[in-house]
Amino acid sequence: MINNKELQEFDPELYQSIKAERLRQENNIELIASENFVSNAVREAQASIMTNKYAEGYPGKRYYGGCVNVDVAENLARERLKKLFNANYVNVQPHSGSQANMAAIRALINHGDRILGMSLDAGGHLTHGYPLSFSGKDYQSFTYGVNTETGLIDYQEVRKIASEVKPQLIIAGASAYPRAIDFKKFREIADEVGAYLMVDMAHIAGFCCTNLHQNPVPYAHVVTSTTHKTLRGPRGGIILSNDVELGKKIDKVVFPETQGGPLEHIIAAKAVCFYEDLQPAYKEYMKQVKANAQAIANVFMENGVKVITNGTDNHLLLVDVKSSFGITGLKAQTTLEEINITLNKNSIPGDTERPAYCSGIRIGSPAMTTRGFKEEEFKQIGHYIIEALRNVDSVEIKEKIKASISQLLNRFPLNYELD
Ligand code: DSN
């Protein structure tokens, strides 16, 4: 149990910020596609005394004494993760998804080599070659997007770009793509042009380990992920591969090339997360995540609201609020925040708005599914969103919806001790 009692007495100012954040999480419908609510067991491991330990190196080969217990925890995390994705090699030390991507890329290619990744505005990630990221500064980066009509990845187009660019590395994976990704096809393209394939499965990892989506491990040379999205663990990164020799190289890039001491309390919490994800109940959760995303997508489409790709295969959907409601994504985000719905503005394929405004919003189902929402509640959220975005200037209507949301949330308390 974590009750923050000492914190409350010792540092009331900081304590207030945590308490306020707890209330915010409790009082809002959380639809940010990359967020989730971790279990109390994950939180306990994360808040444990494992944080006190320096353990540079890997289990059995540390540069400090006294690592016997963190070795047990890190080995549990590694073995559970291997089992979860049926992988021969894993590294659980990356502090974040971006650090995992940096290590994987550095292990595969040389400074100045060519990367081909999904563009940020089509749903890719900063670390897949964005010019302001290390991945766009240290390497020559090229992008593929999605078809602006269908919103789908056009594999023939990816193949064409790859054969022109001749990248040393192709990156597949996205932060805002609502459909299944064909990793097998990406590997065929990579083989055709002599490139490595890296898959960043951060958003959809929960589907990949439950057979609800193709598992990228058999197809990619290296796979990266975060642990805090659909996997529902602590904030952090992981790297997986079936190539044990490549794994030895990746280990050296994670430590000592790009990181120092691992966060052993986070690794302990990752071990708890993987244990949870190996249980049958987790697959049921992931099925519900998808059913909920599809339920809300259907409400939008039945009411004439444009959903990119006309639906979703996973935990997220993109809604074109510009053509549906005549407002920007930013306006939709701030309006929904007023009625206690949290989500983010997002570019849509062929977006003509500047990135600070966008024409769309991204809606994700993982967090509220953890909180217990099923299809009925997600349909209800869909109706609330439509009503609010059709009446952005009506204080009265927004107040009415906010009150209904409060009543709905009261039926689904957050399973946390009062912090
Ligand atoms: N920023 C994350 C997201 O929201 O998808 C990706 O790292």
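First listed ligand is number 1; within each ligand, the first listed atom is number 1.
Of the protein's heavy atoms, His125 NE2, 4.7 Å lies nearest to atom 1 (N) of ligand 1. Of the protein's heavy atoms, Ser34 OG, 3.3 Å lies nearest to atom 3 (C) of ligand 1.
Gln25 and Glu21 share a donor-acceptor pair across their side chains, judged by distance under 3.5 Å alone. Neither side chain, Tyr139 nor Asn110, offers a donor N or O lying under 3.5 Å from an acceptor on the other. Between the side chains of Ser98 and Ser96, not a single donor N or O lies within less than 3.5 Å of an accepting N or O.
Not a single donor-acceptor pair under 3.5 Å links the side chain of Ser133 to the backbone N or O of Gly129.
Listed by number with element, the atoms of ligand 1 under 4.0 angstrom from any heavy atom of His203 are 3 (C), 5 (O). Every atom of ligand 1 is numbered from 1 in the order shown, and the set under 4.0 Å from a heavy atom of Arg362 is 3 (C), 4 (O), 5 (O). Listed by number with element, the atoms of ligand 1 under 4.0 Å from a non-hydrogen atom of Ser175 are 5 (O), 6 (C).
Contact annotation: for Glu35 versus ligand 1, there are no heavy atoms closer than 4.0 Å.
The distance between the ring centers of Tyr275 and Tyr282 does not fall below 6.0 angstrom.
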